[in-house]
Structures are given as C-alpha cells and as structure tokens.
Student: 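Got a structure here, written out as structure tokens. Questions coming.
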Amino acid sequence: QVQLVESGGGLVQAGGSLRLSCAASGLTISSYTMAWFRQAPGKEREFVAAVRWSGGNPYYVDSVKGRFTISRDGAYNTVYLQMIGLKPEDTAVYYCAASQYAGYTRIYGARSSYDYWGQGTQVTVSS
C-alpha cells in the first residue's frame, strides 16, 4: 500500500526555519513528480512546490520563492521542504503528494494532478 508520511512540522517564531520530510513507501519517488501543498484554516488547499523525477528545475508558488526549497533523497526515498524566513501567513497544514503524470503534462499546481497524498503536518508561525 502506498503511504506518504510527513514530519518536521512544529511551532516557530517569524523568521525561523523548519525542514519538512515526506517518507514514501509503496512507491519509488524517482518515478514520480513530488509536491508539497498547504491548507490554512478556512482556506482551500494550495500548491507550494513540486519537483519532477526528470531532474528539471523545481516549481514554486510566488509567495514562497526564495524562501522554500524542495529536494529529494533517493537513498531514503524521501522528499524535503526546507523553509526559511517563515512568516505567520505560512501557518498551515502541509501535505506531501505524488503524481505519475504531472511531469509530462506540466500541470503541477492542481490538486487533481496528484495520485497519492499524505495526512499532513502542522506548521505554526508566531508573530
């Protein structure tokens, strides 16, 4: 059974840093486009970042460019989201997702592009 398990969330002050991890089982991340989404209270789930298996440049929502970095470690079958310069508006539940076809369609930001989802990890940024 495919599982994506996020970890690394927590409470930090504005300007702080966190690294989120997404450990995959039942699939090999080198065969998938991997992404991070987030959902704040009362808001829709939104795209944050994605990286194709082909090794092309990653994609980010404008609000996190220059602050967040998505990466992968094939040896550990794990995807990361390094977050620096955190802001209160980054507060959300962060979800890991995997797609078979987003790397081909180039549709990275749509929830419907993704086949598998984790259950999320909470990130809270205090002002």
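Start at 1 with the first residue, then count along the sequence.
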Student: Would you check if the side chain of Ser99 reaches a backbone N or O of Ala102 as a donor-acceptor pair within less than 3.5 Å?
Tutor: yes

Student: Looking only at the side chains, is there a donor atom on one of Arg52 and Tyr32 sitting less than 3.5 Å from an acceptor on the other?
Tutor: no

Student: About how many Å separate CD of Glu89 and OG of Ser63, when rounded to the nearest 0.5 Å?
Tutor: 8.5 Å

Student: Taking the side chain as every heavy atom from C-beta outward, state whether Arg38 and Arg45 have any pair of such atoms under 4.5 Å apart.
Tutor: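 Side-chain contact under 4.5 Å: no.
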
Student: Are the side chains of Leu86 and Leu18 in touch, meaning some heavy atoms are under 4.5 Å apart?
Tutor: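 The answer is yes, as the side chains (C-beta and beyond) meet within the 4.5 Å cut-off.
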
Student: For residues Pro58 and Ile70, report the shortest heavy-atom separation together with the two atoms involved.
Tutor: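 So the two residues come closest at CB-CG2, 3.6 Å.
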
Student: Indicate yes or no for a side-chain donor-acceptor contact from Asn77 to the backbone of Ala24 under 3.5 Å, with no hydrogens or angles considered.
Tutor: yes

Student: Could you pull out the closest heavy-atom pair between Gly120 and Val93, with the gap in Å?
Tutor: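 Closest pair (atom of Gly120, atom of Val93, distance): CA-CG1, 3.8 Å.
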
Student: Work out which heavy atom in Ala35 is nearest to a heavy atom in Phe47; give both atom names and the distance.
Tutor: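 Ala35 and Phe47 have their closest heavy atoms at CB-CE1, 4.4 Å.
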
Student: Measuring from Cys22:SG to Glu6:CD, what's the distance to the nearest 0.5 Å?
Tutor: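 Answer for the SG-CD pair, Cys22 versus Glu6, is 5.5 Å.
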
Student: Are the side chains of Val64 and Val48 in touch, meaning some heavy atoms are under 4.5 Å apart?
Tutor: yes

Student: Return the minimal non-hydrogen interatomic distance between Ile29 and Asp73, and the atom names on each side.
Tutor: CD1-O, 4.1 Å

Student: Do you know the tightest heavy-atom contact between Gly85 and Arg67?
Tutor: O-NH1, 3.0 Å

Student: Do any N or O atoms from the side chain of Thr28 and from the backbone of Ser30 form a donor-acceptor pair under 3.5 angstrom?
Tutor: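 Here the side-chain-to-backbone pair does not exist.
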
Student: Report yes if some heavy atom in the side chain of Met83 is under 4.5 Å from a heavy atom in the side chain of Asp90; otherwise report no.
Tutor: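 No, their side chains stay 4.5 Å or more apart.
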
Student: Give, for atom CG of Leu81 and atom SG of Cys96, the distance between the pair rounded to the nearest 0.5 Å.
Tutor: 9.5 Å

Student: Under 4.5 Å between any side-chain heavy atoms of Leu4 and Met34, yes or no?
Tutor: yes

Student: Going by the side-chain hydrogen bond (donor to acceptor under 3.5 Å, both in side chains) test, which pairs reach into residues 113-127, not counting sequence neighbours?
Tutor: Gln122-Thr124

Student: How close do Ala49 and Tyr60 get, heavy atom to heavy atom, and via which atoms?
Tutor: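 Heavy atoms only, the tightest pair is CB-CD2, 3.5 Å.
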
Student: Using the ring-ring contact (aromatic ring centres under 6.0 Å, His included) rule, collect all pairs that involve residues 68-103, keeping only residues at least two apart or in two chains.
Tutor: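 Every pair satisfying ring-ring contact (aromatic ring centres under 6.0 Å, His included) with a residue in residues 68-103: there are none.
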
Student: Is Arg72 close to Val51 at the side-chain level, that is, under 4.5 Å between some pair of heavy atoms?
Tutor: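 Result yes, sub-4.5 Å side-chain heavy-atom pair found.
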
Student: For the residue pair Val79 and Trp36, establish whether any side-chain heavy-atom pair is separated by less than 4.5 Å.
Tutor: yes

